[in-house]
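Here the structure is laid out as structure tokens; the discussion comes afterwards.
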Amino acid sequence: MKAFDLYAERYDRWYELPFGSSAFRLELECLRRLRRGGLSLEVGVGSGRFASALGIEYGVDTSKELLKLAVRRGVRVFLARAESLPFKEKAFEQVFMIVSVCFFQDPTKAFEEAYRVLNEKGSLVLGLVLAESPWAVFYKRKAEEGHPLYSLANFYSLYEIQRMLRASGFEQGRILSTLFDPPQDKEPIKSTRIEEGFSPEGGFFCIEGLRA
């Protein structure tokens, strides 16, 4: 997306602001609980902050400018769409999609591609904001106010994500919920609680898809 090329530096600096840095640490801890060993890929790798911190070796994205930042963080990158991954079948142990599903043109096709490149015991890990969350309402309001990136986002419900995972061949594994502070984007996050299962009052969810 051209918007991510235009705002690449701004997008990346967000993770260094008081709210962004605290949200990143909390989301990272949530994702670590689903991290396995083995060769891994992040689809929608962005500037590579999550990939670098999680030890994810490969990343794809549609933004050349964000990929330049990911390279600096040691990620091996490819310019590619989630719906058409440039890898052979069963190449990876894990595929991650972190705050990126909402920007995909066709999430079901993206999940199908993840299934294709995962080995038999591999897993897909989603990190995302679900439509039921008060945080989705908060971000939708920002979109209505003209935010250049949130205005491109589509937030899906848990049911919609589960349906797309099943249609792509995945069985749902664990779900973790976190980010229980009231929605805002200025102050550091206070609650560091991470719960097993789906809690709609949360703001960030980690969902595991297991290759059926």
Side-chain angles (χ1 to χ4, degrees), residues 1 4 27-28 30-64 66-67 70-71 73-131 136 152-178 198 204-212:
M1 292 183 180
F4 282 96
E27 292 165 2
L28 190 60
C30 186
L31 291 160
R32 279 198 177 114
R33 298 189 183 191
L34 300 180
R35 179 73 170 107
R36 305 178 182 179
L39 197 65
S40 54
L41 165 72
E42 184 180 353
V43 179
V45 69
S47 62
R49 285 185 182 267
F50 282 103
S52 178
L54 290 166
I56 297 170
E57 298 92 342
Y58 289 86
V60 302
D61 207 283
T62 58
S63 168
K64 292 181 180 179
L66 285 175
L67 287 179
V71 168
R73 295 191 168 102
V75 185
R76 296 184 64 181
V77 305
F78 294 82
L79 184 68
R81 295 174 59 243
E83 298 84 357
S84 183
L85 298 176
F87 304 104
K88 64 181 182 180
E89 294 182 4
K90 303 180 182 179
F92 296 100
E93 178 71 23
Q94 278 194 301
V95 173
F96 288 78
M97 298 177 178
I98 306 169
V99 294
S100 55
V101 173
C102 60
F103 297 110
F104 293 163
Q105 291 183 8
D106 187 343
T108 301
K109 178 61 177 174
F111 294 167
E112 289 173 355
E113 276 291 272
Y115 186 94
R116 182 182 66 79
V117 302
L118 282 167
N119 64 33
E120 288 87 349
K121 296 183 180 180
S123 68
L124 171 64
V125 177
L126 309 178
L128 71 175
V129 179
L130 293 171
L152 303 173
N154 293 302
F155 296 102
Y156 300 98
S157 68
L158 177 60
Y159 171 77
E160 288 174 310
I161 293 294
Q162 290 171 328
R163 178 175 52 78
M164 288 188 283
L165 286 172
R166 285 193 301 270
S168 308
F170 288 99
E171 295 177 352
Q172 183 192 292
R174 294 168 66 193
I175 300 180
L176 302 173
S177 304
T178 192
F198 172 59
F204 185 77
F205 306 89
C206 297
I207 302 175
E208 183 180 46
L210 304 175
R211 211 171 184 274

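Scope of the values below: all heavy atoms of this structure, side chains included, with no hydrogens, waters or symmetry mates.
When all heavy atoms are compared, the tightest approach of Leu39 to Ala91 is CD2-O, 3.6 Å. Minimum heavy-atom separation, Ala51 to Val45: CB-CG2, 3.8 Å. Closest heavy-atom contact between Phe78 and Pro86: CB-CG, 4.1 Å. A pairwise comparison of heavy atoms in Leu34 and Cys206 identifies CD1-CB, 3.8 Å as the closest pair. In terms of heavy-atom proximity, Phe96 sits nearest to Arg35 at CZ-CD, 3.5 Å. When every heavy atom of Val43 is checked against every heavy atom of Ala82, the shortest pair comes out as CG1-CB, 3.4 Å.
Sequence neighbours left out, the pairs with a member in residues 168-178 that pass salt bridge (charged side-chain N to carboxylate O under 4.0 Å, His left out) are Arg174-Glu196. Counting only residues at least two apart or on different chains, no salt bridge (charged side-chain N to carboxylate O under 4.0 Å, His left out) pair has a member in residues 94-112. Residue pairs meeting the salt bridge (charged side-chain N to carboxylate O under 4.0 Å, His left out) criterion with at least one partner in residues 92-104, sequence neighbours excluded, are Arg36-Glu93.
Here the rule is side-chain contact (heavy atoms from CB on, under 4.5 Å) with Leu31, and of Val125, Leu126, Ile56, Leu176 only Val125 fits it.
Residues that satisfy the ring-ring contact (aromatic ring centres under 6.0 Å, His included) test with Phe111, not counting sequence neighbours, are absent from this structure. Listed by chain and number, the residues in a side chain to side chain contact (heavy atoms under 4.5 Å, CB included) with Tyr156 are Val101, Pro107, Asn154, Glu160, Ile161, Met164 (sequence neighbours excluded). Legend: residues meeting salt bridge (charged side-chain N to carboxylate O under 4.0 Å, His left out) with Glu83, ordered by chain and number and at least two apart, are Arg81. Evaluation of the salt bridge (charged side-chain N to carboxylate O under 4.0 Å, His left out) rule for Lys90 yields Glu120 as partners, not counting sequence neighbours. Listed by chain and number, the residues in a salt bridge (charged side-chain N to carboxylate O under 4.0 Å, His left out) with Arg73 are Asp12 (sequence neighbours excluded). Remark: Arg76 engages Tyr58 in a side chain to side chain donor-acceptor pair (under 3.5 Å) (not counting sequence neighbours). Not a single side chain to side chain donor-acceptor pair (under 3.5 Å) links Glu27 to another residue, sequence neighbours left out. Applying the salt bridge (charged side-chain N to carboxylate O under 4.0 Å, His left out) criterion to Arg32, with sequence neighbours excluded, gives no partner residue. Considering only residues two or more places apart in sequence or on other chains, Ser100 meets the side chain to side chain contact (heavy atoms under 4.5 Å, CB included) condition with Met97, Phe104.
Phe4 is not listed as a side-chain neighbour of Asp61, based on a closest heavy-atom distance of 4.5 Å or more. Inter-residue side-chain proximity for Phe92 and Phe87 is flagged as met; some heavy-atom pair is nearer than 4.5 Å. Between Val129 and Cys102 there is no side-chain heavy-atom pair separated by less than 4.5 Å.
The CZ atom of Arg49 sits 12.5 Å away from the CD atom of Glu42 when rounded to the nearest 0.5 Å. Distance check: Leu85 CG to Leu41 CG gives 6.0 Å after rounding to the nearest 0.5 Å. Here Ile207 contributes atom CD1 and Leu128 contributes atom CG; the two are 5.0 Å apart, rounded to the nearest 0.5 Å. Atom-to-atom distance recorded for Leu118:CG and Gln94:CD is 8.5 Å, nearest 0.5 angstrom.
Other residues, nucleotides and ligands contribute only 12 or fewer heavy atoms inside 6.0 Å of the OH atom of Tyr159.
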Exercise. May I have the step-by-step check of side-chain hydrogen bond (donor to acceptor under 3.5 Å, both in side chains) for Glu57 and Ser40, ending in yes or no?
Key: CA-CA 6 Å; Glu57 298 92 342; Ser40 54; 2.9 Å; yes
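Formation of a donor-acceptor pair under 3.5 Å by the Ser168 side chain with backbone atoms of Thr108 is found in this model.
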